Structures are given as structure tokens and as C-alpha cells.
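Here is the structure we will look at, set down as C-alpha cells.
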Amino acid sequence: DALSAALIERAGFKVAFMSGFAVSASSLALPDAGLLTYTEMLQVGQRITTAVPELCLIADGDTGFGNSANVKRTIEGYARA
């Protein structure tokens, strides 16, 4: 989440990883069991990059959220975030 990313940046790290488990745990208090959608993951990524724009964020794209068209959408959406 954005707060964790801000703390990561404050600690001096230049890169962070947004994992499906971390987003699921902080959003739903549940393990990563495929409950989050592309849109929910993208929104968290956007919040992180807005809060700490200088932090390089590596984001878990899971399986791309569907077929090859969805994989393309996921990559493009994450890159814009």
C-alpha cells in the first residue's frame, strides 16, 4: 500500500515490490487466493506511484488476469501506473 511504500522510500530503498499477497493481505486480510481483480491491483499500484513517484515499483501481474489480450492490458496498465 502507499503507506508501506512511503516507509520503504524513507528507509532509503530505491525499489519496492507490490506482491499479490501483500495487496490481498492489506486490502482484505486474506491470503492471495485470486480474489483481487486487475482493476483492484492497478488501483493500488497507482496509489503507490502517486504517493512515492521516485520509488521504482515492481508489480506482481499474477497470470495477466486472463488470456493474451488481458496480459497485454495488464502490462500496459501497470506501465502507465
Side-chain angles (χ1 to χ4, degrees):
D1 59 19
L3 175 60
S4 298
L7 294 172
I8 289 166
E9 183 181 56
R10 180 178 273 183
F13 293 95
K14 305 288 185 210
V15 179
F17 180 66
M18 182 185 84
S19 73
F21 177 81
V23 174
S24 185
S26 67
S27 300
L28 306 173
L30 295 170
D32 183 13
L35 300 173
L36 294 172
T37 66
Y38 159 76
T39 303
E40 291 167 315
M41 291 291 290
L42 180 63
Q43 288 171 343
V44 172
Q46 289 169 330
R47 284 187 221 118
I48 291 170
T49 58
T50 298
V52 284
E54 298 303 314
L55 185 69
C56 178
L57 182 65
I58 300 170
D60 180 357
D62 203 39
T63 60
F65 300 98
N67 62 23
S68 60
N70 295 99
V71 171
K72 182 177 186 279
R73 176 180 177 225
T74 299
I75 292 168
E76 291 171 350
Y78 277 26
R80 277 192 305 274

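Every value quoted in this text rests on a predicted model; they were computed, and no experiment measured them. For this chain, numbers begin at 1 and follow the sequence in order.
- Remark: side-chain polar atoms of S24 are not paired, donor with acceptor, to backbone N or O of G20 under 3.5 angstrom.
- Cluster annotation: I75 is not connected to V23 through the hydrophobic network of ILVMFWY side chains, with a link wherever side-chain heavy atoms come within less than 4.5 Å.
- D62 places no side-chain N or O within 3.5 Å of a backbone atom of F65 that could act as its donor or acceptor partner.
- The backbone N or O of Q46 sits less than 3.5 Å from a side-chain atom of T49, completing a donor-acceptor pair.
- Residues N70 and N67 form a side-chain contact, since some pair of their non-hydrogen atoms from C-beta on lies under 4.5 Å apart.
- The structure places CG of L35 at 9.0 Å from CD of E40, a figure rounded to the nearest 0.5 Å.
- Atom CE of M18 is separated from atom CD1 of I58 by 11.5 Å, given to the nearest 0.5 angstrom.
- Counting only heavy atoms from C-beta outward, the side chains of L57 and V52 never approach each other to under 4.5 Å.
- Residue-environment remark: CZ (F17) exceeds the threshold of 12 foreign heavy atoms within 6.0 Å.
- Cluster annotation: M41 and F21 are assigned to distinct hydrophobic clusters (Ile/Leu/Val/Met/Phe/Trp/Tyr, side-chain heavy-atom contacts under 4.5 Å, transitive).
- Shown here for E54 and E9, the closest heavy-atom pair between the two residues is CB-OE2, 3.7 Å.
- Closest of all the heavy-atom pairs between V44 and D1 is CG1-CA, 4.5 Å.
- A pairwise comparison of heavy atoms in G61 and Y78 identifies CA-CE2, 3.8 Å as the closest pair.
- At a threshold of 4.5 Å between side-chain heavy atoms, the hydrophobic network of Ile, Leu, Val, Met, Phe, Trp and Tyr places L36 and L30 in one connected group.
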